[in-house]
Amino acid sequence: MRLDKLLCDAGWGSRREMRRAVAQGRVTVDGAVVVSADARVDPALPVRIDGQDADYRPHDYLMLHKPAGVVSATEDPRLPTVIGLLPPRYRRRGLFPVGRLDRDTTGLLLLTNDGALAHALMAPGRHVDKVYMVLVEGPLTEADRAAFAAGLTLRSGEAFAPAELSILSSGARSLARLTLREGRHHQIKRMMAARGHEVQSLKRVSIARLTLDETLPPGAWRPLSDGETALLRAPSAALYTK
Ligand code: URA
């Protein structure tokens with residue numbers, strides 16, 4: 001791979017800026033300064049720019065603790081986006097959110113530039129478990145649990161797949177853990193509304209076997225570990241389908 005392309009793809013700047021950086025002797029490959037931006041390098045070798053690991057990898061996989069108030073989009077004319085929470089180097093990497101959370105929903109959001117993985121996780125029919133903590137108005141009951149388990153059908157005729165509602169507390173406000181295997185627009189809010197409950201807050205805590213790192217405060221992110229990435233890459237049928 002050409003050195004200027006590798007640096008550019010790794011998000012360090014434009015091709016032109018990278019050619020200049022290389023010519024200025026700011027880039028090393030395997031410990032040696034390389035001044036030709038056309039040089040072909042093995043991406044497995046350590047490449048450094050201004051003393052920092054260039055950290056080239058074909059794809060990025062980040063876990064974001066999505067805060068309320070930002071939209072799950074790469075661009076928005078009016079509102080802050082989840083991509084805007086990342087440092088500039090990552091903003092140049094073509095990352096996008098895997099599925100959407102509503103603006104007021106918090107919790108686990110995966111950001112990647114690996115379209116195949118995003119498809120494997122989110123395509124309809126993949127049945128990947130997504131687990132949410134949901135706080136609603138009013139008491140949740142066994143009848144609610146049974147209705148979710150049976151698969152809710154709205155008055156409009158729209159039918160949802162069975163979902164697992166585990167009631168953690170019930171009262172004027174109730175807390176539950178809800179596992180969905182599909183991801184439709186405002187799904188939980190609409191399911192809860194159909195049972196007469198208004199959602200007060202919603203937080204996603206896991207997707208498939210990947211769990212939100214609770215040491216990340218809202219708005220913070222980190223790359224997935226190799227183990228976490230491997231979990232997501234494993235054959236979907238074996239891992240995600242129940
Ligand atoms: N269901 C919703 O209603 N909103 C979300 O953000 C996710 C699931």
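Computed from heavy atoms alone, side chains included, the values below leave out hydrogens, waters and symmetry copies. Each ligand, and each atom within it, is numbered from 1 in the order the structure gives. Since we're looking at a predicted model, the values are computed, not measured.
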Exercise for the section: Could you say whether the N/O atoms of Tyr132 and ligand 1 ever approach to under 3.5 Å? Expected result: no
Problem - Distance-only donor-acceptor check, side chains Asp144 and His197, under 3.5 Å - result: yes
Problem - Proximal ligand 1 atoms for His186, defined as those under 4.0 Å from one of its heavy atoms - result: 1 (N), 2 (C), 3 (O)
Exercise for the section: For the pair Arg20 and Glu17, find out whether any cationic side-chain nitrogen is under 4.0 Å from an anionic carboxylate oxygen. Expected result: no
Problem - Polar contact flag for Ile188 and ligand 1 (N/O pairs, less than 3.5 Å) - result: yes
Fill in the blank from the handout: Ranked by distance from atom 4 (N) of ligand 1, the top protein heavy atom is Asp102 OD2, 2.7 Å
Problem - Contact check: Lys189 vs ligand 1, nitrogen or oxygen atoms, below 3.5 angstrom - result: yes
Problem - Result of checking Leu180, Val205, Leu108 against Tyr132 for side-chain contact (heavy atoms from CB on, under 4.5 Å) - result: Leu180
Completion exercise
Logged contact type for Thr105 with ligand 1, heavy-atom cut-off 4.0 Å, is side chain
Practice task
Determine the minimum heavy-atom distance between Leu165 and Leu140, stating which atoms define it.
Solution key: CD2-CD2, 4.4 Å
Fill in the blank from the handout: Looking only at heavy atoms, the pair that brings Ala54 and Ala10 closest together is O-CB, 3.5 Å
Practice task
Before signing off on this row, confirm whether Arg100 and ligand 1 have an N or O atom pair separated by under 3.5 Å.
Solution key: no
Handout entry: Proximity to ligand 1 by part of Leu180, non-hydrogen separation under 4.0 Å
Key = neither
Handout entry: Salt bridge Asp38-Lys5, side-chain N to carboxylate O under 4.0 Å
Key = no
